[in-house]
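What follows is a set of notes on a single structure, which appears directly below.
Per chain, numbering begins at 1; letters A, B, ... match sequence-line order.
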Amino acid sequence: MSNPDISVRNLWKVFGPGGEKIPKDASLSALSAAELLARTGCNAAVRDMNFDVGKGEVFVVMGLSGSGKSTLIRCLTRLIEPTSGRVLVDGKDVLEAGTGELRELRRRKMSMVFQHFGLLPHRTVLDNVSYGLQIRGAGKAQRYAKSREIIELVGLKGYEQHFPDQLSGGMQQRVGLGRALAGDPDTILFDEPFSALDPLIRRDMQAEVIRLHKEMGKTMVFVTHDLSEALKLGDRILIMRNGEMVQCGTGDDLVGSPADQYIADFVSEVPRADVLTLKWITGPVAFGTPADAPVLAAGTVIRDAIPAVMNSSCPVLVEDAGRITGQIDRDSILSVILGTEAAA
Amino acid sequence: MSTLIRERVPVRNTPPAAVRPQRRRLGRRTILLGGAAVAWLLGFIFLHGTATLNLPASELTDLHRTLNQVNAWVADNRADNPVFQYLLTPLRSAVDVVANLFTGIFAASTTGLRLPEIGWLGTVALLGWIAWAAGNIRVALLTVAVFIFFGLQGLFVDAAYSFALVLTAVLFTLLTGIPLGILAGISARVSKVITPVLDFMQILPTFVYLAPLALIFLIGPASAVIATVIYAAPPVIRLTAHGIRGIPADTREASDSLGTTGVQRLITLQLPLARRTIVMGINQTTMAALSMVTIAALIAAPGLGQVVVRALQSLDVGTAVNAGLSIVLLAIALDRVTTAASRRAEPGAARNRRISRRTRYILLGAGFVVVLAAIQLSRTMLWAAVFPKDLNIGPGIVDGVTAASQWLQTNLFFLTVSLREGVTNGVLNPFQSLLTDTPFYLLALVIIAVACALGRWQLGLVAAACLAVIICLGLWSDAMVTLAGTLVATSVVMILGVIFGVAMGRSNRVDQIMRPLLDAGQTMPAFVYLVPFLGLFGATRFTAIVAGIIYAAPVAIKITADGIAAISPTVMEAAVSAGSTPWQIITKVQLPMARKSLALAANQGLIYVLAMVVVGALVGAGGLGYDVVAGFVQSSLFGKGLAAGLAIVFLGILLDRMTQAAAVRPARKTAPGKPVRH
Amino acid sequence: MSRTSQLLKRTLPALAGTAAAALMLAGCGGATVNQAVAGNGSATPCGSVNVALNAWVGYTADAAVYSYVAQNKLGCTVTQKELSEQISWQGFGSGEVDVIMENWGHADLAKQYITDQKVAVDAGPTGNEGHIGWYVPPWMVQKYPDILDYKNLDKYASLFATSESSGKGQVLDGDPAFVTNDEALVKNLGLNYKVVFSGSEAALIQSFRTAEKNKTPLLGYFYEPQWFLSEVPLKKVSLPPYTPGCDSDPEKVACDYPDYKLNKIISKKFADSGSPAAKLAKAFTWTNADQNSVATDIQGGMKPEAAAKKWVDAHPDQVAAWLK
Ligand SMILES: Nc1ncnc2c1ncn2[C@@H]1O[C@H](COP(=O)(O)OP(=O)(O)OP(=O)(O)O)[C@@H](O)[C@H]1O
Ligand SMILES: [Mg+2]
């Protein structure tokens, strides 16, 4: 990536006494999680993690419960102190930052939205949203003006004087979102922000995040264990298992070519037609296909291709970068919908 | 459609290491306990009366004599030692200034007619207003009623003295306690250091430090306030720390993620969120301070305590009860006001009010003008300065109570004496003999073995250390006398706890009737009921045990009742629908499910009984309590009293740790080894 | 909330407060009842006196008469403080106590506070004489006439046995503040008795009261003058007579307690202040009969002040002599 916003290199977090020795010790760092626990009593929640997040990208981290997602995202701002490695933000290593620098980073560069909101129950919505600004030392008038703007942006106008426990879960998370946005950070970190919400509200909130991303173009690191959420939001998705990265790529890549059985299981129930693009089912152009058959771009999602294929009496050609790469027909689409098509 | 990964995750296995085979452990327990019992009995029979370490009341060990030197040393160095000159004496003066300020305002000034700066009318109005501002209008009315009632009892000035001293003590307690609590809440290390000190402060009988304090700070209000601070500080320290530590991790993390500094976190997050718990701490501290009122009277603290002590000395039950009633009422008023204040402090409580904040401010402002008018009146008019003497129902209460107590003593004497003789000869004497007549080394081993059986070897180590200290202090035999009485009293407390606790837990009606009685039992100074008990039971260990039971049973009953009431209704429904009889429900469902509460009740009951050991010594308990009392009043026994106080502490730690271990995974809702109010 | 209402909310109470404070200040300027009435009393040079109040009624009688005279004839402000003996002595150092009206011996305290620390001085005898010893309730003397001799005590040991005394006879002791040789006495006289500590004066008195009322046996430590003796005239058991020095070794005591010449102790500062109340304290003497008459009145339900007034009114010459 040309100019990454965040680069993570060889990042380790080992919980437990003597954890700092483990990344350095090749014989120990090679052990599996269970063995490591039995041998040393330590728990390696993040192991040797490497990735980059580009500016304006929505980067999703996924994995089973306990795979180390929360630990990883907290290591980025050292809410959890990493054991070793590097986290470069704008080229500077967060791990070497002094207390003051770190505080500045948290105040201005990266803010976070939490699964359980983490709102201050004794403060009104307005005061919660302006909390970060207050911490920075902004004057009352200034921070309230800014906060009112943000409150409107996250759709809570009229609720400024309410207390958190007077709001629904979705509204509370809007406050959490507002609080993170108020400081105008470059990056927002989300730790399963919507998993405590019911499905309908979750969908609204996802739409909200997409909208905000479009409007403000912030970099986002988004932790979730909901695959459809990941696919919906993420430009790229990183899948973790036992603290390790298993695969990192676009949603399309994951579903179309899972790196191993673990990921294949992971994505097995995804409505593939919604995720995969035509490139995954494109076959060679058959002999009888007319040259004037309809053409679709290879990046089209299969579901979107259904009407064209169904309405066409012949197979449909697939084009990638101005070149015809193959064709699809009703059978290939139906096989995806039925889930019978062999994984690529 | 959303695919939740979590739904497909199999439940992760818990690591197997934590589970121990149940059978083997039980076997070890039984062997240890059985062996200990056999060894004890054999030792009692064959080594009866040897190595009992008995030390007659008037005899001292070298250690006691050494401790006596402390007394002389302090007396010699008070004038010119720098610690006194630059630390203790200024401290005393500072406390004195505040105490005099408050007593001057509410009770008696030092000039002129010795009327207070604001007379009864001003006091009533001011305190009522404060109760209103801090709490609500209901507690304000209660405060006004209670203080007027003091006047009617003929005890307004005494009550005002007590109130002023409690106020001073609470002020100093909060000034020191809240910062300490905050430190302990923020830093685990401070907390680790402070917790045992607090345990120690709470088990150490007040009498023990009363004498040294009087020695260092001289008798008078200053010493009384400082003694009260020592006694009353632990609750607010603990609760402040608890409140700060109890802030949800995610809230704290959210605040950290915004880049808060330590101070910002404290001010914007920790203090506001812990406010309610801190105010609860203030409540407990106030109650504790008030319960010191009578004891502080022994070192010349003015107030209701003086009335009670004087009445005790002339065996005037009526007057003692009259003053005791004042103390109970003062306790109720302070409790309700601080509780209301803690409700008000709840985050977001502001919005559930009927009247708006603004109206309230206006009303309060108006009320304050009325208060000032009342103060002005009470400064200029004699009737408003001194409570009218002819409005006095005090003598009525005194005479009524005296007559009732006379009647009881006359008519119940033989009944009570036979009860006493039965219990003493049937239970107490054999048990005490079992403890005092067995050789000390054997009994110590038995106790260590029991400790090992109840807990693990660490508990055995703790027990061994405690026993070693007691032996070194030279007070083994006295400690065993005290232990016997304490255990008998605690057993009765637990029986009462279960009976009444079950009744209260099962029925709201019973609960409502019992609560005020229990509150009174806890707040009524023991000195008040000692006199009628002396009449009924004589100066015996039995009387002391009864006094201990009265003091400790309310706590045990309340904890048990709360435990039983807290059992989920679903479980009860299931039991009823299975066709259980009430008895089956009690024995098969409620008691087993309230097991943690029962363990906590036993633990707290023990600590409370132990807190009465010294008071019990005033009516014949003997043992360590007597040593403490004697050390307080006789300088030649000073060292022995100090040693006895320490012995009580170590006995307390021993019993506390053992009862906690006895209940496997005991409920540790409260910190160990200290009376908590419920 | 709008700005104005915020402002109003803030300022309103503040305004009320200032107005009220002004009101109060105006009031303070004027004379309060406290000071106004005090104006009359300020002519007296006496000031205030802190009198320690020990538990027994004989003491109360002394203190009541002293306080009455100091208050009414000298115009002093008297504060009485309920304290135990030892603690009263400590009060000399802190200024909490000026006068102890009846002191029983306490050679150790006298050494500490009079000789060593020099915070107190002996203000001379009260004229009363004190006795300590073993007493029984009067009904026992009627029933067992020879019980008043210690040599016969063993004969009655089983009578005095209680559940507290492990089979032996019981000697009940009272307030631990009082000097007692009882454990040594039992041992050295070879008696089949055990000393049981009731722990307080109150417990001891209540025990004797119950014993007389219910005709139950009791042998206990007691002393006179004591108000309780006017309610129940306890009888003293004779122990081997006291000879000077027979109690010098506390371990070996085998004789009765000495007779105490009771005296008054006052604080050095008070004595040097030249206050007329200090002179009065030094001059105060009376007889056992005087004390008993006041004590009996108090015990009969009279307020100490009233009893004191009665006695003072009946003995004008004696009081005048004190005040000379
Ligand atoms: N403070 C801690 N001390 C010790 N171990 C920890 C700590 N926090 C997390 N862990 C361990 O680290 C591992 C990763 O935890 P983490 O919370 O990062 O998982 P997660 O992927 O966020 O799970 P979830 O989806 O349930 O939130 C887990 O095995 C957990 O037990
Ligand atoms: Mg997580």
Item to check | pair B:Leu298-C:Ile87: side-chain heavy atoms closer than 4.5 Å | outcome: no
Next on the checklist: Using side-chain heavy atoms (C-beta onward) and a distance below 4.5 Å, is B:Leu637 in contact with C:Pro176?
Outcome noted: no
Item to check | Segment of C:Thr210 engaging chain B (4.5 angstrom heavy-atom cut-off) | outcome: side chain
Checklist entry - Is there a side-chain contact between C:Lys81 and B:Pro302 (heavy atoms, below 4.5 Å)? => result no
Checklist entry - Relative to chain B, which segment of C:Glu82 carries a heavy atom at a distance below 4.5 Å: side chain, backbone, both, or neither? => result both
Item to check | Test side chain to side chain contact (heavy atoms under 4.5 Å, CB included) applied to C:Ala203 - qualifying residues, sequence neighbours left out | outcome: B:Leu534, B:Ala539, C:Ser198, C:Ser200
Next on the checklist: Does any backbone or side-chain atom of C:Thr60 lie under 4.5 Å from a heavy atom of chain B? Answer side chain, backbone, both or neither.
Outcome noted: neither
Checklist entry - Checking B:Ala214 against chain C: side chain, backbone, both or neither under 4.5 Å from a heavy atom? => result both
Checklist entry - Hey, are C:Glu164 and B:Thr540 close enough side-chain-wise for a donor-acceptor pair under 3.5 Å? => result no
Item to check | Contact class of B:Ala297 relative to chain C, heavy atoms under 4.5 angstrom | outcome: backbone
Next on the checklist: Under a 4.5 Å cutoff for heavy-atom pairs, which residue among C:Gln112, C:Glu183, C:His106 has the most contacts with chain B?
Outcome noted: C:Glu183
Checklist entry - Non-hydrogen atoms of chain B under 4.5 Å away: do they reach the side chain of C:Ile205, the backbone, both or neither? => result both
Checklist outcome for this item: Under 4.5 Å to a heavy atom of chain B? For C:Gln206 that would be both
Checklist entry - Who are the side chain to side chain contact (heavy atoms under 4.5 Å, CB included) partners of C:Asp98, not counting sequence neighbours? => result C:Val49, C:Asn50, C:Ser267, C:Phe270
Checklist outcome for this item: Given C:Asn181, C:Leu83, C:Asn214, the one with more heavy-atom pairs under 4.5 angstrom with chain B than any other is C:Asn214
Next on the checklist: Quick check: closest heavy atoms across C:Ser163 and B:Arg541, and the distance to 0.1 Å?
Outcome noted: O-NH2, 3.1 Å
